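For reference, the structure is listed below as structure tokens.
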Amino acid sequence: MLTLTAIRNQTEEIIKRLALRGKDRSNDIHEILKIDENKRQIQTSLEQNLAKSNALAKEIGDLFKTGETVKANIIKEESSNLKNTIKMLEQELLDADSLLTEKLYDIPNSPSFKVKLGYGPEDNETIFEWGTEPNLPPNALPHWELTEKYKLVDFELGNKITGAGFPVYTGKGARLQRALINFFLDEALKAGYYEIQPPILVNEASGIGTGQLPDKEGQMYHATIDNLYCIPTAEVPITNIYRDVILKESDLPIKNVGYTPCFRREAGSYGAHVRGLNRLHQFDKVEIVQIAKPEQSYEILEQMVEHVKGLLSKLGLKYRVLRLCGGDMGFASALTYDFEAWSGAQQKWLEVSSTSNFETFQANRLKCRYKNKDGKNELVHTLNGSALALPRIVASLLENNQTEDGIEMPECLHTYLGFTKI
RNA sequence: GGAGAAAUGGCAGAGCGGUUGAAUGCGGCAGUCUUGAAAACUGUUUUAGUGAAAGCUAACGGGGGUUCGAAUCCCUCUUUCUCCGCCA
């Protein structure tokens, strides 16, 4: 969530930046300021009463020590009466505070100045494109037919065991999954990331920390008996490592990478665009996460973008990079680059990575700070990106590299795969 | 899963109803000394809210309660440790 300090001190700038999302938020912001002011008034009044009560308690203690019990009892009564006022003010403060939090949760992150005003995907800017149109045979097949032909993924079997969107990878299909995961992890290690294998079930506090809760509850699988959630991305556990943590300046930037399966309920999805591997309930992803000093974060975002570009280039996939417009950007993000790989047989772009700078939006909820040069605690910036998500990479690889007599695998995967062709 | 014990500052560890935001030790930081370092000595060392500041308020695992007053008593949850059971 946005920090109150920013809303208070840079009100006009925040409003201007929020407007880039295509919706005027000035009323909400001013309402928040009003609630905040009211809250502070209540708080001041409460604290004054508490101070009085503390002073009386001390006085009673002293009186008992000197044996002046009669006098002490009189003050005791006075203090008892004060308690009612305090209780009332406490409740008022609690109400004001929860109202304030509720309103703050409702405001998305204010986009970076680099973000273009826009309302949907049509307003995104393509800032980079690489690769050439694959040369496909005349009878080229979409990946969902290739996976069947070469027995790589069994969707039917997944239906039987679990349900739609839970595919079973078999034979070379399974080995391709493992190869990609290892390739992505190794590339991240080479780039200086530290490998983490986190839990894939998280508690409620973690869901709130990275912003999946309380709003997007319906997107996650929920194990109700133990009140745990299946992670929709490794971002959740890996970023929550730093919840309620004060880092040293020398710790930054922190560069973590983790592979996890990801679970998304994708409630309400249907139709051709979810066919095959295009959209799944369970999929695999390697995620890179960085924690950075504010002044470094945008440079680091560029580095992360370069890293993802490198992966796609090595895989030989035609791809493009989009800078999302305000209206298409995620709730928590200040600047997002989407990566789309070209799917030759489907003749469409498939989103394979989303790499974002959240500035202090997540850090504020997480209470993740670092001690700066002046010894002050300052919120960090958090960033993350998929590097990469597997299913659509597999779809593109299979489709783009199909030949009359098999599917060629890119060279960078050969040693991981133990074969060169499917 | 059963039985028992415990949770205090960066760490270790006192306190177990009344100037205790918290003794002491270690660590950290600053200074004295030194050519420099070590040692020794001196000082300093949590965080958040509010305020121009002084100050005030809150926090001893989380939540709730008793009391004029709680780190200290009670309830509850969580976690850790020990023993038993089960298990890859």
Side-chain angles (χ1 to χ4, degrees), chain A residues 1-9 32-104 197-209 213-214 223-229 237 240-252 254 261 360 362-380:
Chain A
M1 64 183 155
L2 290 176
T3 63
L4 262 177
T5 326
I7 293 178
R8 243 188 269 162
N9 299 340
I32 284 172
L33 284 172
K34 234 163 79 185
I35 298 169
D36 175 47
E37 196 174 318
N38 178 248
K39 186 196 130 182
R40 268 148 59 211
Q41 256 172 35
I42 296 168
Q43 190 178 329
T44 309
S45 164
L46 170 65
E47 284 176 1
Q48 279 165 359
N49 279 290
L50 279 171
K52 213 189 289 177
S53 162
N54 285 345
L56 288 179
K58 204 173 269 178
E59 206 178 321
I60 293 167
D62 291 341
L63 288 173
F64 271 122
K65 259 187 215 157
T66 55
E68 300 175 69
T69 44
V70 181
K71 213 166 164 190
N73 280 321
I74 296 170
I75 300 177
K76 242 165 115 168
E77 193 146 331
E78 191 182 337
S79 185
S80 282
N81 294 335
L82 203 57
K83 259 179 86 171
N84 292 326
T85 318
I86 288 172
K87 256 204 170 117
M88 199 185 72
L89 285 168
E90 267 174 348
Q91 188 56 49
E92 270 181 54
L93 183 66
L94 222 62
D95 291 345
D97 193 57
S98 58
L99 181 64
L100 187 62
T101 311
E102 191 186 307
K103 296 286 176 194
L104 276 173
Q197 200 172 101
I200 57 177
L201 266 76
V202 294
N203 58 28
E204 205 174 341
S206 293
I208 291 170
L213 294 173
T224 50
I225 293 178
D226 298 297
N227 199 23
L228 296 174
Y229 295 85
N240 269 284
I241 292 172
Y242 306 98
R243 171 153 49 85
D244 292 319
V245 165
I246 297 174
L247 296 159
K248 284 187 291 211
E249 190 176 2
S250 57
D251 293 337
L252 303 173
I254 289 169
T360 59
Q362 285 184 329
N364 188 28
R365 271 205 206 186
L366 289 164
K367 290 206 185 64
C368 177
R369 292 155 296 174
Y370 81 102
K371 235 178 229 321
N372 67 18
K373 283 192 185 70
D374 310 326
K376 284 249 182 191
N377 290 337
E378 193 178 337
L379 289 171
V380 297

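In the text below, chain A, chain B and the rest are named by the order of the sequence lines, each starting its count at 1. Just so it is clear, the structure is predicted and the values come from calculations on it, not from any experiment.
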Report which part of the nucleic acid A:Asp62 touches: base, sugar-phosphate, or nothing (heavy-atom distance under 4.0 Å, all strands). nothing

Donor-acceptor under 3.5 Å (A:Asp244 side chain, A:Lys367 main chain): no

Rounding to an integer number of angstrom, what distance separates B:G13 and B:C87 when you compare their P atoms? 36 Å

If each of A:Ala51 and A:Glu77 is mapped to the nucleotide of RNA chain B with the nearest heavy atom, which maps nearer the 5' terminus, i.e. the 5' end? A:Ala51

So do the side chains of A:Leu252 and A:Val380 get within less than 4.5 Å of each other, counting heavy atoms only? yes

Taking the side chain as C-beta and beyond, is there a heavy-atom pair between A:Ser53 and A:Ile86 under 4.5 Å? yes

Does B:U79 have a Watson-Crick or wobble mate here (both distances under 3.5 Å), and if so which one? B:A6

I want to confirm an ordering. Mapping A:Gln48 and A:Ser80 to their closest nucleotides on RNA chain B, which one lands closer to the 5' end? A:Gln48

Under 4.0 Å, counting only non-hydrogen atoms across every strand here, what does A:Asn73 touch: a base, just sugar-phosphate, or nothing? nothing

In whole angstrom, give me the gap between the C1' atoms of B:U20 and B:C60. 10 Å

Does B:G1 have a Watson-Crick or wobble partner in any strand here, with both distances under 3.5 angstrom, and which is it? B:C84

Taking the same atom, P, in B:U42 and in B:G49, what whole-Å distance lies between them? 36 Å

Boundaries of the chain A footprint along RNA chain B (any atom under 4.0 Å from a heavy atom): B:G18 to B:G69

Return each pair, listed once, that meets side-chain hydrogen bond (donor to acceptor under 3.5 Å, both in side chains) where at least one residue sits in residues 85-100 of chain A; pairs must be two or more places apart or across chains. A:Lys39-A:Asp97, A:Gln91-A:Asp95

Close side-chain approach of A:Tyr242 to A:Ile254, heavy-atom, < 4.5 Å: yes

Would you say CD of A:Glu249 has more than 12 non-hydrogen atoms from neighbouring residues, nucleotides or ligands within 6.0 angstrom? yes

Across every strand shown, the nucleotide meeting Watson-Crick or G-U wobble geometry with B:G27 (both distances under 3.5 Å) is B:U45

Describe the nucleic acid contact of A:Lys248 in one word from base, sugar-phosphate, nothing, applying a heavy-atom distance below 4.0 Å. nothing

Which value, in whole Å, describes the distance between the C1' atoms of nucleotides B:G85 and B:A48? 46 Å

Rounded distance in Å between the C1' positions of B:C77 and B:U24: 33 Å

For the C1' atoms, the ones on B:G2 and on B:C73, what distance do you get once it is rounded to whole angstrom? 29 Å

What interatomic distance, in whole Å, is found between P of B:A7 and the corresponding atom of B:C16? 14 Å

Are A:Leu104 and A:Leu4 side-chain neighbours, meaning at least one heavy-atom pair lies under 4.5 Å? yes

Between B:G1 and B:G9, how far apart are the P atoms? Round to whole Å, please. 29 Å

Looking for any heavy atom pair under 4.0 Å, which part of the strands does A:Ile60 touch: base, sugar-phosphate only, or nothing? base

Using purine N1 to pyrimidine N3 plus N6-O4 or O6-N4 for Watson-Crick, or N1-O2 and O6-N3 for G-U wobble, both under 3.5 Å, which nucleotide pairs with B:A70? none

Under a 3.5 Å limit on both distances, the Watson-Crick or wobble mate of B:G17 is none

Under 4.0 Å between a Lys/Arg side-chain N and an Asp/Glu carboxylate O for A:Arg40 and A:Asp36? yes

